[in-house]
Asker: 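One structure coming up, written as structure tokens, with questions to follow.
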There are 4 protein chains.
Amino acid sequence: MFVLIKRLFSFAVFIRVMEYNDKQVQIMEAAEKLFAEQGFAGTSVRDIAEAAHVNLAMISYYFGSKEKLMEAMFHHRGVDFKLQLENILQNKNLSPIQKVERLIDDYIERIFKKQSFHKIMAREQMVSSSSPITEQIYEMKQRNFSLIKELIQQGQKAGQFKKNIDISLLMMTLTGTSSQLVTAQHYYRKINHLEDMPVEELEKLMKKKLSIYLKNLFKAVLTYEG
Amino acid sequence: MFVLIKRLFSFAVFIRVMEYNDKQVQIMEAAEKLFAEQGFAGTSVRDIAEAAHVNLAMISYYFGSKEKLMEAMFHHRGVDFKLQLENILQNKNLSPIQKVERLIDDYIERIFKKQSFHKIMAREQMVSSSSPITEQIYEMKQRNFSLIKELIQQGQKAGQFKKNIDISLLMMTLTGTSSQLVTAQHYYRKINHLEDMPVEELEKLMKKKLSIYLKNLFKAVLTYEG
Amino acid sequence: MFVLIKRLFSFAVFIRVMEYNDKQVQIMEAAEKLFAEQGFAGTSVRDIAEAAHVNLAMISYYFGSKEKLMEAMFHHRGVDFKLQLENILQNKNLSPIQKVERLIDDYIERIFKKQSFHKIMAREQMVSSSSPITEQIYEMKQRNFSLIKELIQQGQKAGQFKKNIDISLLMMTLTGTSSQLVTAQHYYRKINHLEDMPVEELEKLMKKKLSIYLKNLFKAVLTYEG
Amino acid sequence: MFVLIKRLFSFAVFIRVMEYNDKQVQIMEAAEKLFAEQGFAGTSVRDIAEAAHVNLAMISYYFGSKEKLMEAMFHHRGVDFKLQLENILQNKNLSPIQKVERLIDDYIERIFKKQSFHKIMAREQMVSSSSPITEQIYEMKQRNFSLIKELIQQGQKAGQFKKNIDISLLMMTLTGTSSQLVTAQHYYRKINHLEDMPVEELEKLMKKKLSIYLKNLFKAVLTYEG
DNA sequence: AATGAATGAGTCTTCATTCAT
DNA sequence: GATGAATGAAGACTCATTCAT
């Protein structure tokens with residue numbers, strides 16, 4: 001049964017990946033980069049067409065509109081942006097604190113791998129009006145919240161985490177601190193005098209530091225008794 | 001003595017008021033709101049003119065361009081968006097931890113009071129290209145970083161805070177968590193089932209919760225020995 | 001009786017000169033320079049106000065409109081732009097060829113002294129639509145034509161100039177050659193490798209060369225029998 | 001042999017036609033007319049679009065900007081506006097004076113055929129600031145100057161033209177007189193009482209008169225010994 | 001299936017002019 | 001008499017999208 005689900009799930013992923021042909025993916029990736037850097041409104045379809053090396057008309061042709069291209073991108077990327085913790089949660093060989101550490105590394109891995117998409121999300125979550133995209137962001141947040149809640153409650157039940165933890169704020173510390181680091185990494189560079197470090201190396205460094213920092217923070221917050 | 005203070009204060013206000021006349025402030029405030037909601041590129045000068053109930057041409061007339069309006073806004077708001085901790089830092093009657101608590105409340109107060117401006121800043125800090133605005137954001141960040149660093153080092157020297165604290169990441173936790181709460185407050189609402197709470201009440205609640213949460217977090221992080 | 005007329009005429013001149021106060025003249029002179037360099041449409045009233053160091057609204061205030069300012073300028077300058085040959089024509093001590101030489105020097109003097117105004121006229125004479133300004137240009141041209149015609153006919157009657165001379169084209173040679181030199185003097189500079197010569201010196205040189213050249217040309221054309 | 005020439009010619013036409021498509025030429029021709037009549041700044045792209053019966057956006061679409069349209073026009077027209085005298089210069093069957101006559105007729109032909117373009121050039125040569133267009137005008141002038149200089153020097157060597165001729169001013173007489181006639185032809189009309197003559201006839205007349213006049217003038221100037 | 005050409009609606013900005021003071 | 005503030009109209013240009021092929 002479990003296997004079946006897994007397979008179905010993989011299939012779904014397969015389906016979705018197949019759903020978009022090469023050209024479409026090519027466009028979405030170019031758009032993603034530009035939306036991240038300049039915002040949605042600040043990016044013209046002309047920019048995207050040029051960056052993707054495709055004909056201008058192709059974007060409307062394939063996606064219908066700029067708006068729908070954005071939605072497609074969320075559909076495409078959103079899937080694997082959600083935390084995948086189900087099996088971790090059920091794993092009886094891991095202590096609650098170990099699970100938290102997995103969660104942190106999992107999250108850091110995702111956010112750094114999809115930096116552009118993350119920036120777009122960070123921008124989009126600010127708009128107050130509701131749309132298919134804000135809807136999807138909400139679902140993602142809610143899902144992540146449930147998982148983290150479950151995880152922490154496990155630790156509390158095990159007596160390893162203290163009571164009265166503000167889980168929604170703790171989640172925001174995880175996402176907010178990471179987001180801050182990713183979206184404002186050129187400031188991080190300057191403040192820490194790392195102007196000359198190559199991008200990859202900097203990224204590695206940031207991930208490392210962030211992982212250590214957040215693990216320690218969570219441990220402290222989850223166990224420290226004022 | 002009291003009169004003197006009052007006068008000085010009035011004078012400061014006077015200065016600021018003189019720097020930008022009523023109409024200019026009116027425009028900046030309308031723009032601030034719109035930029036926060038829809039982004040800079042997503043907001044037309046027509047939108048701003050309508051929201052500010054002024055003639056379309058007045059925006060160019062007063063600020064020269066949409067871009068310069070944004071810069072003026074940063075000039076106008078930026079001043080009082082920096083943390084004002086100098087006197088707190090030198091205050092010998094406060095323990096390091098009390099100073100941290102002041103810092104946190106000061107920060108929360110500011111970010112909630114200027115939510116719109118904060119959102120704009122959060123957006124602008126994502127753009128990679130350098131501009132007068134990104135420059136100003138950097139200066140603000142650096143200043144805030146210096147203050148927090150000084151504050152924490154005081155605590156470390158006093159033996160009350162542990163060594164090896166990643167101060168730049170700790171700052172990002174402060175700003176990132178708060179930012180997350182402010183920019184994504186409608187998600188906070190939904191996740192915590194507070195859909196029907198009036199805005200003011202919600203805000204009060206969030207500030208309260210955030211204050212308690214962050215104070216506890218800082219205490220934990222600054223003193224907890226893994 | 002003749003004296004009276006002269007006086008009336010002088011009075012008219014007096015009147016006209018007085019007609020415009022200092023500020024108005026200041027504005028007209030600034031406008032003249034700019035219109036010459038950038039054309040009428042290419043010059044904004046803002047440009048003029050700045051160049052004349054007067055308030056923007058003053059231009060409309062004093063002249064009614066940009067158009068009317070131009071007309072006033074033509075009124076103001078036009079007077080002394082016409083050739084003043086009446087007394088020369090009647091002077092019995094001068095030979096026809098001497099009169100022609102006077103005409104040439106008179107014309108050169110005028111066009112170089114009022115270069116800016118000349119450029120404006122050169123531009124305005126191209127527009128096909130009729131206006132008070134084109135009307136005034138026509139009157140000036142016609143007057144000049146009459147004078148030159150009279151002058152040449154005197155020489156023909158005296159048997160010193162040959163018959164069948166195309167007077168209207170000869171006039172165009174006078175005006176056209178001079179105009180070409182004045183309007184395209186930076187090309188003259190380059191072609192003759194005079195880039196480093198100071199403006200005043202160049203002007204002197206051009207006037208001298210042009211005078212010699214045109215006098216010789218007129219002599220040749222008026223007397224040469226193919 | 002004839003066929004070859006025809007083919008080459010067709011090819012040249014082909015090239016030129018291909019360089020700018022029909023719509024572009026249509027726009028350029030409408031613009032040319034308007035720029036000639038009202039000046040560059042005095043003509044709006046809206047005017048041009050209407051005159052060319054094309055959509056307003058097509059001007060930016062095809063040329064990028066109004067400025068670039070002007071440049072394209074210069075590129076397009078400029079080519080065949082230069083004098084084509086090389087073969088005439090080397091022709092040993094023509095006497096120097098015959099070559100001068102050819103030059104004059106060639107010039108008159110060109111300037112009357114491209115009156116509008118000529119007017120634009122006459123306007124543009126007045127602006128003092130340097131631009132791609134003034135640059136092109138200078139090149140054209142310089143080239144024409146070289147050709148005329150060569151031509152006259154041939155005559156001088158042959159002992160048929162007198163020495164010390166101011167060639168740059170002589171060129172200005174050619175261009176200036178012609179220009180005057182073309183740009184101010186409605187004044188020519190009025191002065192010579194030709195108001196009722198049909199345009200084509202007037203043009204023919206003016207070309208004829210100008211040709212005779214200039215040939216005689218050149219002969220006189222080039223051979224007359226004061 | 002894919003695209004070059006085209007466009008109506010919109011962008012920001014500048015214009016000459018007016019008006020209350 | 002003079003002007004700072006204000007504005008409707010127009011400026012050039014860019015936008016996302018459509019459509020014939």
Side-chain angles (χ1 to χ4, degrees), chain A residues 21-24 27 31 40-49 53-70, chain B residues 21-24 26-27 31 40-49 52-70, chain C residues 21-24 27 31 40-49 53-70, chain D residues 21-24 26-27 31 40-49 52-70:
Chain A
N21 65 37
D22 288 2
K23 277 258 155 76
Q24 284 174 304
I27 291 167
F40 178 77
T43 303
S44 71
V45 296
R46 208 165 226 101
D47 291 342
I48 299 168
H53 305 293
V54 299
N55 182 281
L56 172 64
M58 244 189 178
I59 284 149
S60 296
Y61 177 66
Y62 270 134
F63 297 96
S65 73
K66 191 182 159 191
E67 196 80 41
K68 295 232 193 76
L69 158 60
M70 179 84 142
Chain B
N21 64 40
D22 287 4
K23 222 128 213 183
Q24 282 175 305
Q26 191 178 331
I27 292 167
F40 178 77
T43 305
S44 73
V45 296
R46 194 165 249 104
D47 292 343
I48 299 169
H53 304 292
V54 299
N55 181 283
L56 172 64
M58 269 187 58
I59 282 142
S60 296
Y61 176 68
Y62 271 130
F63 298 96
S65 71
K66 191 182 160 191
E67 195 81 41
K68 295 233 195 75
L69 158 59
M70 177 84 142
Chain C
N21 64 39
D22 288 2
K23 276 255 155 77
Q24 283 173 305
I27 291 167
F40 177 77
T43 303
S44 71
V45 296
R46 211 167 224 100
D47 292 342
I48 300 169
H53 305 294
V54 300
N55 182 281
L56 172 64
M58 243 189 179
I59 284 149
S60 296
Y61 176 66
Y62 270 134
F63 297 96
S65 73
K66 191 182 160 190
E67 196 80 40
K68 295 231 194 76
L69 158 60
M70 178 82 141
Chain D
N21 64 40
D22 288 3
K23 221 128 215 184
Q24 281 173 306
Q26 190 178 332
I27 292 168
F40 178 77
T43 305
S44 73
V45 297
R46 194 166 248 104
D47 292 342
I48 299 168
H53 304 293
V54 299
N55 181 283
L56 172 64
M58 268 188 57
I59 281 142
S60 296
Y61 175 68
Y62 271 130
F63 298 95
S65 70
K66 191 181 159 189
E67 195 82 40
K68 295 233 194 76
L69 159 59
M70 177 82 141

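Order of the sequence lines sets the chain letters (A, B, ...), proteins ahead of strands, with each chain counted from 1.
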Asker: I want to confirm an ordering. Mapping B:Ser44 and C:Glu67 to their closest nucleotides on DNA chain E, which one lands closer to the 5' end?
Answerer: B:Ser44
Asker: Which distance, rounded to the nearest 0.5 Å, do you find between the CD1 of C:Ile48 and the CD1 of C:Ile27?
Answerer: 9.0 Å
Asker: Within the 4.5 Å heavy-atom criterion, are C:Tyr61 and C:Asn55 side-chain neighbours or not?
Answerer: no
Asker: Assuming nearest nucleotide by heavy-atom distance, tell me which of C:Val45 and D:Lys23 is located more 5' along DNA chain E.
Answerer: D:Lys23
Asker: What are the two closest heavy atoms between D:His53 and D:Gln26, and how far apart are they?
Answerer: O-NE2, 4.2 Å
Asker: Can you see which heavy atom on D:Gln24 is nearest to which on D:Phe63, and at what distance?
Answerer: O-CZ, 3.6 Å
Asker: Over all heavy atoms of both residues, which pair between B:Leu69 and B:Ile59 is shortest? Give the atoms and the distance, please.
Answerer: CD2-CG2, 4.3 Å
Asker: Could you summarise the pairing of DNA chain E as dot-bracket text, marking Watson-Crick and G-U pairs under 3.5 Å with ( ) or [ ] inside the strand and | across strands?
Answerer: .||||||||||||||||||||
Asker: Please report the closest heavy-atom contact between B:Gly42 and B:Asp47, naming both atoms and the distance.
Answerer: O-OD2, 4.3 Å
Asker: Quick check for you: name the first and last nucleotides of DNA chain F, 5' to 3', having an atom under 4.0 Å from a heavy atom of chain D.
Answerer: F:dG11 to F:dT14
Asker: Tell me, which of residues 54-63 of chain A have any heavy atom that sits under 4.0 Å from an atom in DNA chain E?
Answerer: A:Asn55, A:Ala57, A:Met58, A:Tyr61, A:Tyr62
Asker: Please confirm whether the backbone N or O of A:Phe40 pairs with a side-chain atom of A:Lys66, one donor and one acceptor, at under 3.5 Å?
Answerer: yes
Asker: Report yes if some heavy atom in the side chain of A:Tyr62 is under 4.5 Å from a heavy atom in the side chain of A:Val54; otherwise report no.
Answerer: no
Asker: Distance check, rounded to the nearest 0.5 Å: C:Met70 atom CE versus C:Ser65 atom OG?
Answerer: 11.5 Å
Asker: Please state how far atom CZ in D:Arg46 lies from atom P in E:dT7, giving the value in whole angstrom units.
Answerer: 15 Å
